[in-house]
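Notes follow the structure.
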Amino acid sequence: RTPLALSGAKRIVIRGEADNIADSAFEYCLGLKHLIISSGVTHIGDCAFAFCENLETIKLPTSLTTIGNLSFFVCKNLKTITIPKKVTSLEFLTFSACLNLKEIVLHDNIKKIADSAFVLTNAEPVNLPDNFKEDWNNKKFKRVIHHCFYSIIDAIREKHNIKTFE
């Protein structure tokens, strides 16, 4: 775990001096409840805020262009998210297992939503582009191919040396 994860910080403001949030940078910040990312940040890395289980609010900047795989995986208390207009795709398990996520505010610039972007959520989209409506109604973005999901879980277990008991 990162030193910040152990700090117990409840509110983090990321200033625009940094244009990139590294992979796993804030992973497991269990005390984190509020996140503000200032203008200037363009990229959020893979697993950047994964397992921030108490994260409730996120303000993403209009400068943001990419959100990596599993960036907000298991942010169980997140309730709503607004995707900035420069973000054109939502990747593998981006908001999956955000159990209390109810609303995703999207825009017409979205070109790709990975099949598994919203697995284990009750999220409903606002402003869903027409080309995604049929797939959303068929729950395509809430499905996951089981072997892919288990591969990710295994990779997380290995990275963090988590033992499983059978």
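Computed from a predicted model, the values in this text were never measured in an experiment.
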Interatomic spacing from [atom1] in [X] to [atom2] in [Y] - rounded to 0.5 Å:
X	Y	atom1	atom2	answer
Lys59	Thr82	NZ	OG1	10.0 Å
Leu32	Asn54	CG	CG	8.5 Å
Phe118	Thr94	CZ	OG1	7.0 Å
Ile58	His34	CD1	NE2	11.5 Å
Asn77	Glu53	CG	CD	8.5 Å
Arg15	Ile37	CZ	CD1	12.5 Å

[X] to [Y] - nearest heavy-atom pair and separation:
X	Y	result
Pro125	Leu106	CB-CD1, 4.0 Å
Leu55	Thr57	CD1-O, 3.5 Å
Ser38	Pro61	O-CB, 3.5 Å
Pro84	His107	O-NE2, 2.7 Å
Lys133	Asp130	NZ-OD1, 3.0 Å
Glu27	Cys47	CB-O, 3.7 Å

Sequence neighbours excluded and cut-off under 3.5 Å, please list the side-chain donor-acceptor pairs for residues 66-76, or say none.
unit_1	atom_1	unit_2	atom_2	d
Thr66	OG1	His43	ND1	2.5
Asn69	OD1	Phe92	N	3.1
Ser71	OG	Gly45	O	3.0
Ser71	OG	Gly68	N	3.1
Ser71	OG	Gly68	O	2.7

So, do [X] and [Y] sit near enough that their side-chain heavy atoms are less than 4.5 Å apart?
X	Y	answer
Ile83	Asn109	no
Pro129	Asp108	yes
Val126	Glu124	no
Ile14	Phe26	yes

Please answer: with hydrophobic residues joined when any side-chain heavy atoms are less than 4.5 Å apart, are Val119 and Leu99 in the same cluster? yes
Stepwise, does the side-chain contact (heavy atoms from CB on, under 4.5 Å) test hold for Lys111 with Asn131? CA-CA 9 Å; Lys111 305 294 181 227; Asn131 55 320; over 6 Å; no
Has Lys10 got more than 12 heavy atoms of other residues, nucleotides or ligands less than 6.0 Å from its NZ? no
Within a radius of less than 6.0 Å around NZ of Lys33, do more than 12 heavy atoms belonging to other residues, nucleotides or ligands occur? no
Run the numbers on Ile104 and Phe95 for side-chain contact (heavy atoms from CB on, under 4.5 Å), then give the verdict. CA-CA 10 Å; Ile104 309 144; Phe95 293 99; 5.9 Å; no
With a 3.5 Å distance limit and no angle check, can you tell me whether Lys112 reaches the backbone of Ile110 through a side-chain donor-acceptor pair? no
Any donor-acceptor pair under 3.5 Å from Ser96 side chain to Ser116 backbone: yes
Member of Thr42, Thr65, Leu64, Ile44 meeting the side chain to side chain contact (heavy atoms under 4.5 Å, CB included) criterion with Val87: Leu64
List for me each residue that meets side chain to side chain donor-acceptor pair (under 3.5 Å) alongside Ser63, sequence neighbours excluded, and say none if there are none. none
